[in-house]
Student: 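I'd like to ask some things about the structure below.
Keep in mind the model is a prediction, meaning the values are calculated, not measured. First listed ligand is number 1; within each ligand, the first listed atom is number 1.
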Amino acid sequence: MPDSTADTVRVVPEDPSASAPAAHDAGVEPRLVRIAIVGGGFSGIGMAIRLKQAGIEDFVVLERAGDVGGTWAANTYPGCQCDVPSHLYSFSFEPNPSWTHTYSRQGEIWAYLRRCAQRHNLHPHLRLGHELTAATWDEQASRWLVETSRGSFSAQLVIDATGPLSQPARPAIRGLHRFEGKIFHSAEWDHEHDLEGERVAVIGTGASAIQFVPHVQPQVARLHLFQRTPPWIMPHTDRPTSSFERRLYRRLPVAQKIVRAAVYWTRESYVLGFAKRPALGRGAERISGIHLRRQVRDPELRRRLQPHFRLGCKRVLLSNDFYPALTKPNVELVTDRIVGVEGREIVLDDGSRREVDTIILGTGFHVTDPPTARLVRGIGGRTLAEMAGRSPRAYLGTAMAGLPNVFKIIGPNTGLGHTSMVYMIESQLEYVIDAIRTMDARGIARIEVRPEAVEAYNDEIQAMMQGTVWTSGCQSWYLDAEGRNTTLWPDFTFRFRERTRHFDADSYELRVGAAVPA
Ligand SMILES: Cc1cc2nc3c(=O)[nH]c(=O)nc-3n(C[C@H](O)[C@H](O)[C@H](O)COP(=O)(O)OP(=O)(O)OC[C@H]3O[C@@H](n4cnc5c(N)ncnc54)[C@H](O)[C@@H]3O)c2cc1C
């Protein structure tokens with residue numbers, strides 16, 4: 001196993017011959033492929049690997065960025081790391097005995113994903129710098145016309161692996177776009193910009209902000225942290241792995257499997273508190289309260305950092321250095337509402353202002369309204385956004401009515417608040433592989449999930465959601481524009497795996513026939 005730091009791993013180069021001509025070039029035929037995967041993160045890379053393992057080579061991975069890695073290529077902010085132990089937050093079929101910490105840093109996870117792409121020889125399939133601009137269903141041909149910034153493809157199947165946390169969300173604050181200083185989002189960190197000695201505003205106290213604030217605080221002259229809702233924060237158990245552990249996992253892979261299983265089952269037990277008996281969460285709230293009391297002595301600051309919703313309703317965060325950073329003399333926690341930005345000033349609803357040089361947005365992502373929903377046109381030319389309305393829904397988070405021959409990885413209600421998304425991704429990958437096998441075995445050219453299967457499934461999910469901590473009344477990014485939780489899977493993850501183990505053809509309308517090239 002090579003060293004696992006980002007800069008020691010060769011960048012997966014783009015195959016220059018792979019770049020198709022520009023989509024708008026008149027008369028250029030789209031390239032024919034069986035499968036177009038859109039997105040090169042855990043989902044897209046995992047899908048590509050599983051296709052190859054299943055003997056399917058006729059596919060491309062369309063990725064808008066210049067490298068694979070998805071989340072872990074984009075989020076380079078200081079302090080970025082996973083909050084699920086790495087032994088579980090990695091592919092089961094590609095364990096890494098060399099993790100240097102129990103919770104890996106961004107660079108190490110990014111390097112891991114690049115290495116996965118290399119080891120499985122995905123290079124000939126990768127189309128980096130190819131941004132999906134439109135995907136249109138051709139009913140006659142039973143194929144998708146997939147247009148990208150660098151050429152178009154005609155594909156029988158589209159796998160949407162564009163990720164729920166890949167589109168940075170900017171807050172709707174009056175005058176923000178006219179801010180006269182420097183502004184950037186945590187997922188687009190500007191490493192060229194020197195924060196040393198600056199007056200900096202950070203907007204948001206979510207999962208990213210609590211990781212980068214402790215790194216920004218020592219550099220800046222003044223840090224104003226704008227908090228809408230204080231999160232629940234638990235002590236972090238991250239530690240460096242020992243050389244003994246790493247040697248052990250290399251020589252005895254079963255030892256790492258046992259640790260992975262232990263992490264998995266420990267994390268599954270959290271579902272009892274989140275979904276089955278929310279009262280169990282009180283114990284965790286007490287631990288978080290002790291953590292806050294130990295780290296913040298000032299009772300007034302403590303009061304403003306005390307969450308007012310049930311633990312788990314929003315994502316539970318882990319940190320040992322966020323609270324201490326807030327106690328430093330150069331930090332101000334601002335809890336008044338921002339009403340606008342004028343020049344270099346942030347204006348608050350109490351009339352006060354903060355003049356700053358830089359604004360860092362820790363304001364999360366477009367989760368329930370992804371931009372791809374407006375790019376994909378299914379039956380009758382309707383966009384996914386038009387079909388889904390304000391509340392996205394899918395069957396098993398994977399198949400959507402009106403979108404034949406499309407599978408979505410990490411679609412609605414597959415998100416998690418307690419364990420590794422890679423487990424859910426792998427469950428979906430197996431489902432898709434089984435669907436493709438079924439298509440091949442029966443000579444099927446077109447599959448579309450039945451609307452009644454989608455409805456019944458979503459009614460069941462929403463019924464399961466009732467009584468969980470996720471519907472206990474807080475505002476969170478788990479909720480869509482209609483206030484429904486269409487983000488999380490509301491049960492044990494092994495139940496999701498059971499349901500996705502086999503492709504259930506009865507829930508689909510299947511049409512036999514050769515797929516006619518467009
Ligand atoms: C900072 C951060 C920390 C996280 N930590 C954890 C954690 O500890 N544990 C956990 O389980 N989950 C975590 N997550 C969630 C994480 O997003 C998932 O675990 C996982 O990485 C998602 O993989 P993905 O491939 O589905 O999506 P992504 O990794 O987001 O990849 C999607 C890819 O699609 C590409 N794309 C998007 N639109 C287009 C387009 N139009 N054309 C072409 N390409 C496009 C993007 O460039 C991106 O590369 C974290 C997320 C963030 C942002």
Student: Suppose I only count heavy atoms of Met421 and a 4.0 Å limit; which atoms of ligand 1 are within that range?
Tutor: 10 (C), 11 (O), 12 (N), 19 (O)

Student: What atoms of ligand 1 come closer than 4.0 angstrom to any heavy atom of Ser166?
Tutor: 30 (O), 37 (C)

Student: Mark up the atoms of ligand 1 that fall under 4.0 Å of a heavy atom belonging to Val38, in ascending order.
Tutor: 42 (N), 43 (C)

Student: Charged N to carboxylate O below 4.0 Å: is that the case for Asp238 and Arg105?
Tutor: yes

Student: Could you find the nearest protein heavy atom to atom 27 (O) of ligand 1 and give me its residue, atom name and distance?
Tutor: Gly163 CA, 3.2 Å

Student: In terms of residue, atom name and distance, what is the protein heavy atom nearest to atom 24 (P) of ligand 1?
Tutor: Ser43 OG, 3.4 Å

Student: Judged on heavy-atom distance to atom 18 (C) of ligand 1, which of Tyr89, Tyr423, Phe42 sits nearest?
Tutor: Tyr89

Student: Among all protein heavy atoms, pick the one closest to atom 42 (N) of ligand 1 and tell me residue, atom and distance.
Tutor: Leu132 N, 2.8 Å

Student: For ligand 1, does Ala207 get within less than 4.0 Å through its side chain, its backbone, both, or neither, judged by non-hydrogen atoms?
Tutor: neither

Student: Among all the protein's non-hydrogen atoms, which is closest to atom 31 (O) of ligand 1, and how far away is it?
Tutor: Gly70 CA, 3.5 Å

Student: Of all the atoms in ligand 1, which lie at a distance below 4.0 Å from a heavy atom belonging to Ser420?
Tutor: 11 (O)

Student: Working to the nearest 0.5 angstrom, can you tell me the gap between Leu403 CG and Ile447 CD1?
Tutor: 11.5 Å

Student: Please check whether Pro164 reaches ligand 1 - meaning an N/O of the residue sits under 3.5 Å from an N/O of the ligand, judged on distance alone.
Tutor: no

Student: Which of the listed options, Ile410, Thr162, Thr414, Asp160, holds the heavy atom that is closest to atom 22 (C) of ligand 1?
Tutor: Ile410

Student: Thr419: heavy atom below 4.0 Å from ligand 1, yes or no?
Tutor: yes

Student: Give me the atom names and distance for the closest heavy-atom approach of Leu145 to Ser152.
Tutor: CD1-CB, 4.2 Å

Student: Determine whether the aromatic ring centres of Trp99 and Tyr249 lie less than 6.0 Å apart.
Tutor: no

Student: Below 6.0 angstrom between ring centroids: does that apply to Tyr89 and Tyr103?
Tutor: no

Student: So is Asn75 touching ligand 1 or not, going by heavy atoms under 4.0 Å?
Tutor: yes

Student: What protein heavy atom sits nearest atom 1 (C) of ligand 1, and how far off is it?
Tutor: Tyr77 OH, 3.5 Å

Student: Please answer whether the main-chain N or O of His418 pairs with a side-chain N or O of Arg267 as donor and acceptor at a distance below 3.5 Å.
Tutor: yes

Student: Would Ile409 and Val432 satisfy side-chain contact (heavy atoms from CB on, under 4.5 Å), going step by step from the backbone distance to the final call?
Tutor: CA-CA 9 Å; Ile409 312 297; Val432 174; 4.1 Å; yes

Student: Within the 4.0 Å heavy-atom shell around Ala161, which atoms of ligand 1 are there?
Tutor: 32 (C), 33 (C), 34 (O)

Student: When you compare ligand 1 with Asp83, is there at least one nitrogen or oxygen pair between them that comes in under 3.5 angstrom?
Tutor: yes

Student: Examine distances only and state if a side-chain atom of Arg484 and a backbone atom of Ala481 form a donor-acceptor pair shorter than 3.5 Å.
Tutor: no

Student: Which residues pass the disulfide (SG to SG under 2.5 Å) test with Cys313, sequence neighbours left out?
Tutor: Cys474

Student: Tell me which protein heavy atom sits closest to atom 15 (C) of ligand 1, plus the residue, atom name and distance to 0.1 Å.
Tutor: Leu165 CD1, 3.8 Å

Student: Hey, what do you get for OH (Tyr270) to CZ (Phe492), rounding to the nearest 0.5 Å?
Tutor: 13.5 Å

Student: Looking at Glu188 and Arg170, is any side-chain nitrogen of the basic one under 4.0 Å from a carboxylate oxygen of the acidic one?
Tutor: yes

Student: I'd like to know if Arg127 pairs up with Glu63 as an ion pair, taking the criterion as any Lys NZ or Arg NE/NH1/NH2 lying under 4.0 Å from an Asp or Glu carboxylate oxygen.
Tutor: no

Student: Would Arg64 count as a polar contact of ligand 1, with the cut-off being nitrogen or oxygen pairs under 3.5 Å?
Tutor: yes

Student: Please write down residue, atom name and distance for the protein heavy atom closest to atom 34 (O) of ligand 1.
Tutor: Gly39 CA, 3.3 Å

Student: Just by distance, do the side chain of Asp160 and the backbone of Val38 share a donor-acceptor pair under 3.5 Å?
Tutor: no

Student: Considering only the protein, which heavy-atom contact is closest to atom 6 (C) of ligand 1, and what is its distance?
Tutor: Trp72 CZ2, 3.9 Å

Student: Non-hydrogen atoms of Gln167 versus ligand 1: any pair closer than 4.0 Å?
Tutor: no

Student: Does Phe365 come within less than 4.0 angstrom of ligand 1, counting non-hydrogen atoms of the residue?
Tutor: yes

Student: Would Thr71 count as a polar contact of ligand 1, with the cut-off being nitrogen or oxygen pairs under 3.5 Å?
Tutor: yes

Student: Report the member of Glu131, Glu63, Arg127, Met47 with the shortest heavy-atom distance to atom 35 (C) of ligand 1.
Tutor: Glu63

Student: If only atom types and distance count, is the side chain of Ser427 paired as donor or acceptor with the main-chain N or O of Tyr423 below 3.5 Å?
Tutor: yes

Student: Within the side chain of Thr372, is there an N or O that forms a donor-acceptor pair under 3.5 Å with the backbone of Leu375?
Tutor: no

